[in-house]
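Right, one structure below, let's go through it.
Whatever order the structure lists them in is the order used to number ligands and atoms, beginning at 1. Given the structure is predicted, the values throughout are model-derived calculations rather than measurements.
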Amino acid sequence: MDPRRAIPAVDRLLSSEAFEPLLAVAPRRRVVAALKDVQAELRRGLAQGADAPAELAEPALYARLVGERLRRRERAGLRRVINATGVVLHTNLGRAPLAAAAIEAMVEAARSYSNLEYDLDAGARGSRYDHCAPLLRELTGAEDALVVNNNAAALVLALNTLARGREVVVSRGELVEIGGAFRIPEIVERSGARLVEVGATNRTHPADYDAAISAETGAVLKVHRSNFRVVGFTAEVTVPELAARFGGRLPVVEDLGSGLLLDLTRFGLPHEPTVADALRGGADVVTMSGDKLLGGPQAGIVLGRRDLVAAMRRNPLCRALRVDKLTLAALEATLELYLDPDVALREIPTLRMLTAGAATVGGRARDLAARLAAAGVACTLVDGASAVGGGAFPGAALPTTLVRLEASLSAAELDRRLRAGEPPIVARIVEDRVVLDVRTVQPGEEGELIAGVCGALA
Ligand SMILES: *Cc1c(COP(=O)(O)O)cnc(C)c1O
């Protein structure tokens with residue numbers, strides 16, 4: 001007899017006792033879909049000569065396989081994880097967690113209608129672009145501002161508006177890859193402009209720009225080296241120098257990447273120009289991300305000359321890159337916190353994590369280690385470094401105290417088990433040991449972290 005005929009029918013299985021617990025927690029159609037997949041997989045296996053499992057006719061077999069399939073599916077969805085890597089702007093883990101005020105603003109905008117594109121004073125149509133622009137002007141000194149989907153979109157929009165069908169001049173030392181599929185040469189090309197490279201990888205001089213400028217030039221682009229440094233025999237032409245040379249004749253566009261609003265040098269971070277510095281330096285257009293050092297939602301922010309920003313707003317491409325209302329709500333609330341720098345430093349998680357001193361992080365690490373030890377977990381404290389991440393402050397290391405787990409399991413296996421927990425814990429492996437960096441563990445997550453570690457070691 002063909003063993004496939006022993007596989008029970010869907011209806012019989014669904015009405016069996018074994019399926020009751022599954023149907024109590026998962027939508028019926030999802031259980032049915034998973035069950036059909038499980039049966040199809042078994043049939044395929046049997047057709048290819050696999051041995052029939054002894055319990056092929058038992059509903060319990062199907063309930064177990066369907067349960068596993070549903071749990072796998074659940075894990076594939078977007079979910080919260082505990083970031084114990086110490087990388088503050090971890091692009092793979094969603095970059096910046098939002099401030100409470102930003103989350104509240106998002107919930108409020110999501111729950112009901114809003115004046116997204118409605119002018120309440122005039123009782124007529126308004127523009128979504130009116131929402132964050134006044135705050136951005138106030139905080140950066142820019143003449144005008146525009147918010148789009150992300151910084152990549154902001155740059156495409158800027159170049160397409162200013163240089164479509166014309167040339168964009170960029171130093172060879174700035175033809176960078178940011179990660180994913182973001183490479184400056186390709187972005188320039190996709191924006192409809194032609195790339196003109198000048199200088200060498202390590203050195204570019206004013207004369208290189210002079211020689212490349214022609215009637216065909218649409219813009220001069222300066223790209224912030226967000227995620228690497230060039231050291232040694234180097235030279236570059238700064239934005240103020242470019243502005244002094246070409247200002248008034250050609251737009252100077254600066255892709256700042258991270259976009260720092262506050263100077264953080266007093267917290268031990270290397271000097272980075274703030275957005276206001278870049279604009280004061282003469283950039284006509286600056287682009288930056290909302291979810292890097294700014295600590296807000298994913299967004300692309302364009303700042304600069306009124307006429308140029310207005311042209312970008314009129315560009316039909318702007319509609320394709322437009323920002324949604326939840327982002328605007330979160331960004332506006334985040335920007336409001338910057339009106340008082342002390343409030344921003346306290347309330348914006350990214351800034352709080354970046355500026356937490358060695359003593360604060362060390363205290364939290366000691367506390368975590370003590371609680372883990374009390375729960376029977378062997379661990380030691382070691383000095384280490386957290387990273388800024390997100391293509392910001394390349395090479396900067398924030399002093400931290402790591403909690404090193406002294407387990408007999410291999411580091412790779414412990415790391416895997418931590419990721420398989422609920423909520424998943426993403427840690428780091430240093431010298432073949434799993435280490436936890438509390439800098440990026442959010443307040444209130446410690447209990448779950450300890451339970452997760454205990455569970456992984458059990
Ligand atoms: C991060 C970065 C980008 C891309 O920004 P997204 O907001 O991720 O699109 C572009 N340019 C620079 C210099 C960056 O650092």
Side-chain angles (χ1 to χ4, degrees), residues 87-98 132 136 145-160 168 170-191 193 195 219-230 236 238-239 242 252-261 264 269-270 272-275 277-279 281 283 285-304 312 317-318 320-324 326-328 330-331 334-335 350 354 387-396:
V87 181
V88 176
L89 293 169
H90 200 306
T91 297
N92 301 145
L93 302 184
R95 288 195 189 153
L98 295 179
C132 291
L136 284 167
L146 174 63
V147 181
V148 290
N149 185 53
N150 59 6
N151 187 27
L155 189 59
V156 168
L157 180 63
L159 297 179
N160 179 269
V168 172
V170 192
S171 160
R172 288 201 170 86
E174 295 167 16
L175 298 177
V176 306
E177 174 178 306
I178 305 297
F182 186 97
R183 286 179 168 175
I184 291 294
E186 282 147 32
I187 290 288
V188 171
E189 184 198 312
R190 290 303 166 104
S191 69
L195 174 71
V220 178
L221 174 64
K222 181 88 185 158
V223 184
H224 188 61
R225 293 197 192 98
S226 305
N227 51 6
F228 71 109
R229 281 183 305 170
V230 182
E236 68 173 311
T238 64
V239 166
L242 290 173
V252 176
V253 177
E254 182 168 18
D255 175 13
L256 263 186
S258 265
L260 193 58
L261 289 187
L264 299 178
L269 284 147
E272 281 258 340
T274 64
V275 182
D277 291 338
L279 290 164
V285 172
V286 164
T287 70
M288 60 183 269
S289 290
D291 56 350
K292 289 188 181 171
L293 292 175
L294 189 111
Q298 178 193 303
I301 299 171
V302 183
L303 299 157
M312 285 178 221
L317 199 51
C318 188
L321 306 174
R322 88 174 181 187
V323 62
D324 85 308
L326 301 183
T327 302
L328 283 172
L331 183 60
T334 306
L335 292 169
T350 299
L354 286 176
V388 178
F393 290 111

### Query
Does a sphere of radius 6.0 Å around CZ in Arg172 hold more than 12 heavy atoms from other residues, nucleotides or ligands, not counting ones at 6.0 Å or beyond?
yes
### Query
Can you list the ligand 1 atoms lying under 4.0 Å from a non-hydrogen atom of Gly257?
12 (C), 13 (C), 14 (C), 15 (O)
### Task
Applying side-chain contact (heavy atoms from CB on, under 4.5 Å) between Leu221 and each of Leu195, Ile187, Val253, Val285, report the one that passes.
Val253
### Task
State the atoms of ligand 1, each with its element, that fall below the 4.0 Å cut-off from a heavy-atom position in Ser289.
5 (O), 6 (P), 7 (O)
### Neighbour count above 12 (heavy atom, 6.0 Å) for Arg190 CZ
no
#### Entry: Residue, atom name and distance, where the atom is the protein heavy atom closest to atom 15 (O) of ligand 1
Ser226 OG, 2.6 Å
### Query
Any N/O of Asp291 closer than 3.5 Å to an N/O of ligand 1?
no
#### Entry: Distance from atom 11 (N) of ligand 1 to nearest protein heavy atom, with residue and atom
Asp255 OD2, 2.6 Å
### Message
If you take the nearest heavy atom of each of Arg95, His224, Arg225, Glu174, which one is closest to atom 8 (O) of ligand 1?
### Response
Arg95
### Task
State if Lys292 counts as touching ligand 1 under the rule of any non-hydrogen atom under 4.0 Å.
yes
### Task
Would you confirm whether Asn150, through its side chain, and Ala153, through its main-chain N or O, come within 3.5 Å as a donor-acceptor pair?
yes
### Task
Before giving the answer on side-chain contact (heavy atoms from CB on, under 4.5 Å), spell out for Leu294 and Leu331 the whole-Å C-alpha distance, their side-chain angles and the decisive distance to 0.1 Å.
CA-CA 9 Å; Leu294 189 111; Leu331 183 60; 3.6 Å; yes
### Task
For ligand 1, indicate whether the residue Asn151 contacts it via side chain, backbone, both or neither (heavy-atom separation under 4.0 Å).
both
### Summary
If you scan protein heavy atoms around atom 9 (O) of ligand 1, the nearest is Ala152 N, 2.9 Å
### Query
ligand 1 and Ala299, any nitrogen or oxygen pair closer than 3.5 angstrom?
no
### Message
Rounded to the nearest 0.5 Å, what separates atom CG in Leu242 from atom NZ in Lys222?
### Response
6.0 Å
### Message
Please check this pair: side chain of Ser258 against backbone of Leu260, looking for a donor-acceptor N/O pair closer than 3.5 Å.
### Response
no
